[in-house]
Asker: 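First, the structure itself, so that you have it in front of you.
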Number of protein chains: 2
Amino acid sequence: MTQTTAAPNQITVTTESASAQQAAADAGGNAKGKRRGAKPVVAKQLGGAIRQRNEERILRAAAEVFASAGYKGTSVQAIADKVELPKANILYYFKSKAGLYTAVLNDILEMWNQGFDERAIEREPADVIREYILAKMRYSRTRPQESKIFATEIIHGAPVIRDAIDLPMVGWTKQKASVIQAWVAQGKMRAIEPLYLLFLIWGTTQFYADFDSEIAMIKGRALSDEEFSKAEDFVVETVLRGLALI
Amino acid sequence: MTQTTAAPNQITVTTESASAQQAAADAGGNAKGKRRGAKPVVAKQLGGAIRQRNEERILRAAAEVFASAGYKGTSVQAIADKVELPKANILYYFKSKAGLYTAVLNDILEMWNQGFDERAIEREPADVIREYILAKMRYSRTRPQESKIFATEIIHGAPVIRDAIDLPMVGWTKQKASVIQAWVAQGKMRAIEPLYLLFLIWGTTQFYADFDSEIAMIKGRALSDEEFSKAEDFVVETVLRGLALI
DNA sequence: ATAAAACACGACCAAGTGGTCAGGTTTTTG
DNA sequence: CAAAAACCTGACCACTTGGTCGTGTTTTAT
C-alpha cells in the first residue's frame, strides 16, 4: 500500500497510481450503476466505509488462497469461506475472479520495486548491495505469500500481469543495472555483467520464500529468526566477497 | 532415466526403482485386466511396443502443458490435443490425471539428485562446487519445463510428491551438507553453514529456468548460448570467491 | 423521516471438467 | 488362422466452477 522509495525516473506511474486505481475501479463491483444514466455522479471517492473494509479483508484472504493453491486451484468459494462471506458477496466487490487476482497482483507489484535508493550511484557499492539483499530477504521472510504468487505468475509466463509489468520491470532493471555498470566503470568493483548479479540475488532471496516448504522438509521445521538472520549474513557476505567488495 | 551418482547411504530406493516403477504401474491403464482372474499371468514386462511409444509421447506432451499451465490449469483434453489422441485414449494409458502428473514428476525426480560425486570429500571443494553449479545450470537450461513443474509443486507445498520426496530429499541434502561441513572442518574453505550455500546455488540456478519469461521481458529476448555461458561463469566465480576458494 | 444508494445473499445456470463404459478394431500369441 | 489380449474412441455422466439475478436489508444523504 505504501509507496516505498521508488526510482524517480521510472514509469512507475503505469503501475502505481494509474493501474492500481484502475484495477480497483474495474475490480470493484456495482457494474449496475452504469446501466441507467450513471446516477451516482462521477464517484464519491469510490467506496464507502464498509466497502473499503471488506475489500481489504477479501484481498487478504484471496492472497492466502492464491498463494497456496494457485490461480486455477483457487475457487471463489474457498476465498468466501476464509473471509466468512457468501460467495455472491465477494463477487459483488470484485466483479470476477480474474479481477480479484489482478487486484492482488497489483498490491504486490506496488511493493516489488524496492530499488537502490536515489543516491546509490554515489554511495559505496558494498553498502547499497548489502541493503538491497537485506531488503529482498526481508520481503521473502515477511511476505512469502506475495512472493509465491508472483513467482507462480512468472513461471507460467505472466499471463495476467504481462502488460502491467512489462515496461516498468524493464525500467527498474535497467536502472539498477546502470548503477552497477557505473561502479564497474569507476573501478569500484570487479567487472561483471550487472544482470547476472541481479539474477543471483533475486533467485537466492526468492528461494527462501518460495521453497519454504522444502526448507521445512529438510530441516524438519521452519527456519527460526536467528537462522534466517544467519542466512541473511551468509548471502550478504558471500555476494560481497564474490564481487571482491570485502 | 539413468541413475546418477547417488548417495550410497540413502533411501533413494523409495524414489528410484520402487516408486518410478510403481508409478508406471498404477499410472498404467488396463485396470480391467484385474477384473477376471488376472489372466495375463503376472506381467510380461509391462507394456507392449505401442504402449511404450504412446506413454512416452503422452508424458512429453503432459510435461509441456503442466509446466506452462500448472496442474489445475491443465486439462486432460489439452494434453490430448497436443499429442493428437482422443482424451479417452490418454486416460486408457494413465488411469487418471493425477496418475499422469505423478508419472511426470517421477521422471523429474529421477534427474533431480545430481549430487557431488562419490569421492567429493577427497577432492578440491572448488572443483566439486564448480561442477555442481554447472550441472544445475545446465539442467535449468536444457530442462526448464521440468524445473518449473518442480518449482510450482514445491511452492504449493508439494501436495503430490511430498511423500515420494520427503525422505530422499532430506537424505541427499544431508549428504551434501556433510561433505561441505567436512571441508570446513579441514579448513579447506571459510566457515559457513552448508545449507545456506546450497540454497544460494539452488535458488540462483533455478531462477534461470523458472524466470526465463522474466529474463526475456528484460532483455527483449531469451539468453543466447554465449550469454548463458557467461552467466554460468559469473555464478561459479562469484560463489567460489564468496567462499574464499579463489 | 424518507428516498436512494450501497450492501447482502440464496437460488440458480451454463460451461467445462475428470472419468467411465460399451463396443469396436488391431495386434499378438499359440 | 483363430482366439485372446491389447488398443482405440464416441458418447455419456456426475460434479465443480464462475458468474448472474432478484429480492431483501442496511446505510447514507437530504
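Computed from a predicted model, the values in this text were never measured in an experiment. Reminder, nothing fancy here: chain letters follow the sequence lines and each chain counts from 1.
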Asker: Out of C/dC7, D/dT9, D/dC7, which nucleotide sits closest to the side chain of B/Arg51?
Answerer: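 Selected nucleotide: D/dC7.
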
Asker: Mind checking what makes ring pair (Phe, Tyr, Trp, His ring centres under 6.0 Å) contact with B/Tyr196, not counting sequence neighbours?
Answerer: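 Residues passing ring pair (Phe, Tyr, Trp, His ring centres under 6.0 Å) with B/Tyr196: none at all.
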
Asker: For B/Tyr208, which residues count as a ring pair (Phe, Tyr, Trp, His ring centres under 6.0 Å) partner, sequence neighbours excluded?
Answerer: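 Scan of B/Tyr208 (ring pair (Phe, Tyr, Trp, His ring centres under 6.0 Å), adjacent residues dropped) gives A/Phe199, B/Phe228.
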
Asker: Under 6.0 Å from the ring centre and within 45 degrees of the ring axis: does the NZ or CZ of A/Lys176 meet both conditions for the six-membered ring of A/Trp202?
Answerer: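 No - A/Lys176 does not lie over the ring of A/Trp202 by the 6.0 Å and 45° rule.
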
Asker: Between N or O atoms, less than 3.5 Å apart, protein on one side and nucleotides 15-19 of chain D on the other: list the pairs.
Answerer:
| residue | atom | partner | partner atom | Å |
| --- | --- | --- | --- | --- |
| D/dG18 | OP1 | A/Thr74 | O | 3.1 |
| D/dG18 | OP1 | A/Lys97 | NZ | 3.0 |
| D/dG18 | OP2 | A/Val76 | N | 2.9 |
| D/dG18 | N7 | A/Lys87 | NZ | 2.9 |
| D/dG19 | OP2 | A/Lys97 | N | 2.5 |
| D/dG19 | N7 | A/Lys87 | NZ | 3.2 |
| D/dG19 | O6 | A/Lys87 | NZ | 2.7 |

Asker: Quick test of your reading: applying salt bridge (charged side-chain N to carboxylate O under 4.0 Å, His left out), list the pairs with at least one residue in residues 61-80 of chain A, sequence neighbours left out, ordered by first then second residue.
Answerer: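 Sorted result for residues 61-80 of chain A: A/Glu64-A/Lys82.
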
Asker: Once you round it to whole Å, what is the distance between P of D/dT25 and OH of A/Tyr92?
Answerer: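 Roughly 17 Å, once rounded to whole Å.
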
Asker: Consider the side chain of A/Leu85, meaning its heavy atoms from C-beta on, and name the nucleotide among C/dC9, D/dC8, D/dT27 that approaches it most closely.
Answerer: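 Of the options given, the side chain of A/Leu85 lies nearest C/dC9.
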
Asker: Hey, could you give me each pair passing salt bridge (charged side-chain N to carboxylate O under 4.0 Å, His left out) that has a residue in residues 207-216 of chain B? Not counting sequence neighbours.
Answerer: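 Qualifying pairs: B/Lys148-B/Asp212.
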
Asker: Check the distance between D/dT26's P and A/Asn89's CG and give it to me in whole angstrom.
Answerer: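 Rounded to whole Å, this separation is 14 Å.
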
Asker: Can you tell me the distance, in whole Å, between the CD1 atom of B/Ile90 and the P atom of C/dT17?
Answerer: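 Distance check: B/Ile90 CD1 to C/dT17 P gives 13 Å.
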
Asker: Nearest whole angstrom, please: distance from the C1' of D/dT9 to the CD1 of B/Ile50.
Answerer: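 Rounded to whole Å, this separation is 15 Å.
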
Asker: Whole angstroms only, please: what is the CD-C1' distance between A/Glu84 and C/dA8?
Answerer: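 Going from CD in A/Glu84 over to C1' in C/dA8 covers 15 Å.
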
Asker: How long is the line joining CZ of A/Arg53 and C1' of C/dA6, in whole Å?
Answerer: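 Taking atom C1' of C/dA6 as the reference, CZ of A/Arg53 is at 16 Å.
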
Asker: Whole angstroms only, please: what is the CD-C1' distance between A/Gln52 and D/dT27?
Answerer: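 These atoms are roughly 16 Å apart.
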
Asker: Can you tell me which residue pairs pass the salt bridge (charged side-chain N to carboxylate O under 4.0 Å, His left out) test with a partner in residues 199-209 of chain A, sequence neighbours excluded?
Answerer: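 For residues 199-209 of chain A: none.
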
Asker: Looking at D/dC8, I'd like to know if its phosphate oxygens (OP1 or OP2) sit under 4.0 Å from a side-chain N or O belonging to B/Asn54.
Answerer: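 So the side chain of B/Asn54 is within the cut-off, an N or O lying under 4.0 Å from OP1 or OP2 of D/dC8.
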
